[in-house]
Amino acid sequence: MPDDPDRMPQLDVLVVGAGISGIHLLHRLRSLGFRVLVVEAGGDLGGTWYWNRYPGARCDVESLVYSYSWSDELQQSWHWTERYAPQPEILAYLEHVADRFDLRRDMRFSTRVTTAAWDEAASAWTVATDAGDELRCRFLIMATGCLSVPRLPEIDGLERFRGDVHPTALWPHQPVDFTGRRVAVVGTGSSGVQVVPEVAREAAELYVLQRTPAFSVPSWNGPLDPAVERDVKAHYAERRALARETAGGNPWHERPQSVFDATPEERQAEFEARYRVGGFFLHSAYNDLFTDPEANEIVSDFVRAKIRERVADPDTGEQLCPYDYPLATKRMCIDTGYYEAFNRPNVRLVDLRRTPIVEVTEHGIRLGGDAPQRLELDALILATGFDAMTGALQAVDLRGRDGRSLREKWAAGPRTYLGLAHAGFPNLFTITGPSSPSVLSNVMVSIEQHVELVATILCHLRDRGLTSIEPTAEAEDAWVEHHRALGDASLYPRANSWYMGANVPGKPRVLLPYVGGVGRYRRICERIVANDFAGFVLRGPHGRELAVVPAGAFA
Ligand code: N01
């Protein structure tokens, strides 16, 4: 009964998530004339920047790059105060965008999507929320973020602790005062590396509980230089265009040179110069740093030497050096005073490999290993990561054709076409989904590319009176294989990282982001669109199917 008015969707598009992707989707699709609603679990918009309010939280992509490019008026008028924007400023920016473009009226907060089922007869999704809504939409877009399901550690006795427990990703909205308190931070990834120097300034005693050391380089953050701001704003269009063509989505050229074509002195000079600039600039010094283990070892050695230089106590410095994975196969951190924090008398590194946590007690943590001890604590900060990339998608009971669930389909790891579309799940899109460049890029660039691609698809369907689109199983298999082959040729599988799903017990060990780079990925997507949406099945009313163009190779 496809034309039953009760079953016709009241919305063209339901977007799940009011973070950077959801905000952009609402603006773009609404301006194209689609009826759009955004549903958000949080109490307000902002996604990552709504939840992660811990002291020191800031983006480690530069402000002038980590911002929307789709409104020149917006990018010219907004003023960032620092080179790397702190969380409150990014949140204020996103609130400003929502107000400036009148987006809030189509957003519903404190509402979590629980189930979504494809209704084949009506070519629509039926979506339920924890607020008791039943929403019907033609297209369902999951803009749920790659790092939005916090993972709390399974440590014996955690529930017994009488002090305060603060997961970095669920930080209170009011500032937490650690003055004079005894605090432990568990976890030394990007969140831990950011929170440690801030809490170190206040706490009476700070214990940093490290299981795996991070590679971190300085941000050299500071007030944004007005001359830099003027220059970037004068050349925004070219810079954005360049960022879209590179591998990492940043506005600088990646050098097409092997590290082995440089002398040791030349390498050192190149690394030094890039280290002085700060951030991810080091990554693109040579083109084989992430494909050749020996090349990687050279840059890893460089960063380890820098870590040792920054820490006064040689033993502590050495314990902070990572040795068991290649640089960047776990996300490199960008810090502001992380290693220097260990030079303070109130900060102590606890190496959990030597003295693992036995249990949390009412008053602290008991450590075992070769130096058993008790840490008396008033507060615990858990910087222990996320169920990345698939967690938020699998948290919803998503059912495609014939009631098949996405969880079932992904039992051995995610299978997608381009990270965006899903065989058996018509009209479902996942922004920066698994097997798209997403977290291996300046995610702003990847989000904008996916939003534009979805807009192109939706307009194409509408203009031709079509009602659904989904990839063929063959196209999806081919993409999964292409993604796997590139991943296997990289160094990423050598680390037990969240990129590999290795931080969540029982999660399939599969490389989640696409390593081909945003430029290459964009060109593949453009070819698919130009080639009559190769690899997709497009259907009209009453199931009429258009001829499918095979996906072909993804060179
Ligand atoms: O999480 P992580 P994160 N006992 O998974 C440790 C983005 N981000 O929130 O490596 C003891 O990187 C775990 O140890 P190990 C960015 O993409 C961006 O810091 O599993 N330790 C690890 O040290 C980033 O990569 C920004 O051995 C335990 C840490 O917890 C991603 O988010 C800022 C443990 C988790 O590190 C995630 O970063 C922040 C246990 N039971 C985040 N369980 C910016 O843009 C886990 N650990 C700045």
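All ligand and atom numbering here is 1-based and tracks the order in the structure. Just so it is clear, the values below take in all heavy atoms, side chains as well, and ignore hydrogens, waters and symmetry mates.
With sequence neighbours left out, the side chain to side chain contact (heavy atoms under 4.5 Å, CB included) criterion links Ala371 to Thr355, Gln373. Legend: residues meeting side chain to side chain contact (heavy atoms under 4.5 Å, CB included) with Pro293, ordered by chain and number and at least two apart, are Leu491, Arg494.
Near ligand 1, residues Tyr54, Arg58, Cys59, Asp60, Leu147, Arg151, Pro153, Val186, Gly187, Thr188, Gly189, Ser190, Ser191, Gln194, Arg211, Thr212, Lys330, Arg331, Leu352, Ala383, Thr384, Gly385, Phe386, Trp498 come within 4.0 angstrom through at least one heavy atom.
Within the structure, the ring pair (Phe, Tyr, Trp, His ring centres under 6.0 Å) test picks out the following pairs touching residues 187-222 (sequence neighbours left out): Phe215-Tyr325.
Partner Val185 forms a side chain to side chain contact (heavy atoms under 4.5 Å, CB included) with one of Leu380, Leu206, Leu382, Val350 and no other, that one being Leu206.
Using cut-offs of 30° and 60° for the angle between ring planes, the Trp49 and Tyr66 rings count as perpendicular. Between Phe178 and His166, the ring-plane angle classifies as perpendicular under the 30° and 60° cut-offs.
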